[in-house]
Amino acid sequence: EAISVQIHKNEDLMTDSDGNDVVIELRMEAGWIANVFDLPKYDAEGREVQYSVSEVDLPEAYEALEPTGNMINGITLHNELKTVDVSVEKKWNHGSNGNLPEEIYVQLYADNVTFGVPVKLNSANQWKYTWEQLPEFSAEDVEIDYNVGEVDENGESFVPFGYAQTVNQTAENEFEI
């Protein structure tokens with residue numbers, strides 16, 4: 001496993017004598033470390049050069065954070081997994097039927113596959129729930145499509161007697177049942 005990083009010299013990509021971008025490969029078996037030697041401390045006008053690095057082709061699932069450190073003591077690149085929150089709210093359309101169940105359960109699905117355990121909705125939580133900091137992308141770097149469904153406490157599809165279920169997506173990653 002490896003990643004590639006580019007060196008920046010005074011915020012411009014550093015190039016070699018042939019004009020090619022300087023790219024360094026960091027390998028897992030080498031501890032994700034590379035040493036670069038003999039970089040000029042000053043430019044042709046005598047100004048001190050500021051060096052930095054950035055990752056090449058960062059996977060879509062990650063956001064690059066500000067690197068820490070310096071070229072003398074080492075620079076550490078930081079990436080953060082992109083996450084999303086998914087919300088659901090139960091809306092009752094019961095007409096003259098005033099007999100609401102005390103609780104219902106909802107299940108989160110990621111790409112139509114059960115994700116986690118069913119969550120209980122009731123009047124105490126105002127029939128609402130939010131799953132927080134879910135991965136936005138799969139391991140294959142494809143955006144995950146989240147949806148929800150009403151289930152029983154064991155995760156089996158369920159609709160309370162006398163009701164029909166509809167699931168509406170009211171905004172991105174926000175659902176109404």
Side-chain angles (χ1 to χ4, degrees), residues 1-8 11 13 21-34 51-70 73-93 101-160 163-177:
E1 198 170 336
I3 63 167
S4 297
V5 295
Q6 291 178 307
I7 298 177
H8 299 260
E11 306 214 6
L13 286 177
D21 293 343
V22 174
V23 177
I24 299 170
E25 188 173 89
L26 305 178
R27 304 198 59 76
M28 183 173 66
E29 59 269 13
W32 303 108
I33 296 172
Y51 292 100
S52 62
V53 295
S54 64
E55 192 168 340
V56 178
D57 298 326
L58 183 66
E60 186 68 28
Y62 291 89
E63 178 180 348
L65 302 178
E66 191 68 30
T68 57
N70 57 53
N73 298 317
I75 294 176
T76 301
L77 297 175
H78 303 275
N79 299 324
E80 182 174 80
L81 184 66
K82 292 179 183 176
T83 62
V84 296
D85 294 345
V86 177
S87 299
V88 63
E89 180 176 3
K90 175 64 176 178
K91 295 276 189 164
W92 293 102
N93 183 6
E102 289 185 23
E103 61 192 29
I104 64 155
Y105 291 84
V106 292
Q107 178 66 59
L108 178 66
Y109 300 95
D111 294 328
N112 295 317
V113 176
T114 300
F115 192 94
V117 297
V119 173
K120 184 189 313 184
L121 300 183
N122 55 34
S123 61
N125 59 21
Q126 301 176 349
W127 304 96
K128 297 178 185 179
Y129 187 79
T130 299
W131 291 269
E132 297 176 335
Q133 296 188 324
L134 301 171
E136 187 174 351
F137 292 85
S138 69
E140 293 78 30
D141 213 27
V142 176
E143 190 167 6
I144 296 172
D145 179 34
Y146 288 103
N147 56 37
V148 298
E150 198 164 343
V151 296
D152 65 17
E153 60 189 275
N154 298 314
E156 300 297 323
S157 184
F158 175 79
V159 179
Y163 291 93
Q165 181 188 123
T166 58
V167 177
N168 296 311
Q169 187 168 358
T170 58
E172 186 173 357
N173 294 319
E174 292 182 14
F175 298 91
E176 227 175 56
I177 293 183

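Listed by chain and residue number, K128 satisfy the side-chain contact (heavy atoms from CB on, under 4.5 Å) test with Q126 (two or more places apart in sequence, or in another chain). Looking at residues two or more places apart in sequence or on another chain, you find no side-chain hydrogen bond (donor to acceptor under 3.5 Å, both in side chains) involving N122. Remark: E132 pairs with D85, T130 by the side-chain contact (heavy atoms from CB on, under 4.5 Å) rule, at least two apart or across chains. Every residue meeting the ring-ring contact (aromatic ring centres under 6.0 Å, His included) condition with Y129, not counting sequence neighbours, appears here in chain and number order: W131. In terms of the salt bridge (Lys or Arg N to Asp or Glu O under 4.0 Å) criterion, residue partners of E25 (sequence neighbours excluded) are, by chain and number, R27. Partners of S4 under the side-chain hydrogen bond (donor to acceptor under 3.5 Å, both in side chains) rule, at least two apart in sequence or in another chain, do not exist in this structure. In this view, E55 and N79 satisfy the side-chain hydrogen bond (donor to acceptor under 3.5 Å, both in side chains) rule, not counting sequence neighbours. Shown here are the side-chain hydrogen bond (donor to acceptor under 3.5 Å, both in side chains) partners of T68, two or more places apart in sequence or in another chain: H78. Among residues two or more places apart in sequence or in another chain, the salt bridge (Lys or Arg N to Asp or Glu O under 4.0 Å) test is passed with K91 by E89. D21 meets the side-chain contact (heavy atoms from CB on, under 4.5 Å) test with Q6, L13, T15, V23; sequence neighbours excluded.
Shown here for Q107 and G116, the closest heavy-atom pair between the two residues is NE2-O, 3.3 Å. What you find for F115 and A110 is that their closest heavy atoms are CD1-CB, 3.7 Å. K82 and F137 make their closest contact through CD-CE1, 4.0 Å (heavy atoms, listed as atom of the first residue, atom of the second, distance). Across every non-hydrogen atom of A64 and L58, the tightest pair is N-CD2, 3.4 Å.
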Under 3.5 Å, side-chain donor or acceptor atoms of residues 139-151 against the rest of the protein: list the pairs with distances, not counting sequence neighbours.
from: E140; atom 1: OE1; to: S138; atom 2: OG; distance (Å): 3.3
from: D141; atom 1: OD1; to: E60; atom 2: N; distance (Å): 3.1
from: D141; atom 1: OD1; to: A61; atom 2: N; distance (Å): 2.7
from: D141; atom 1: OD2; to: E60; atom 2: N; distance (Å): 2.8
from: Y146; atom 1: OH; to: P135; atom 2: O; distance (Å): 2.6
from: N147; atom 1: ND2; to: N112; atom 2: OD1; distance (Å): 3.0
from: E150; atom 1: OE1; to: K90; atom 2: NZ; distance (Å): 3.1

Which side-chain N or O atoms in residues 165-177 pair as donor and acceptor under 3.5 Å with protein atoms at least two apart or in another chain?
from: Q169; atom 1: NE2; to: A171; atom 2: O; distance (Å): 3.3
from: T170; atom 1: OG1; to: E174; atom 2: O; distance (Å): 3.4

Task: L121 and Y105: CA distance, side-chain angles, deciding distance, side chain to side chain contact (heavy atoms under 4.5 Å, CB included) verdict - done: CA-CA 6 Å; L121 300 183; Y105 291 84; over 6 Å; no
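The closest donor-acceptor contact from the side chain of D111 to the backbone of V113 lies at 3.5 Å or more, if one exists at all.
Residue T76 holds its OG1 atom at 12.5 Å from CD of E66, rounded to the nearest 0.5 Å. Atoms CG and CD, from L81 and E136 in turn, are 9.0 Å apart once rounded to the nearest 0.5 Å. Residue Y51 holds its OH atom at 8.5 Å from CD1 of I7, rounded to the nearest 0.5 Å.
Contact check for W127 versus I104: side-chain heavy atoms found under the 4.5 Å cut-off.
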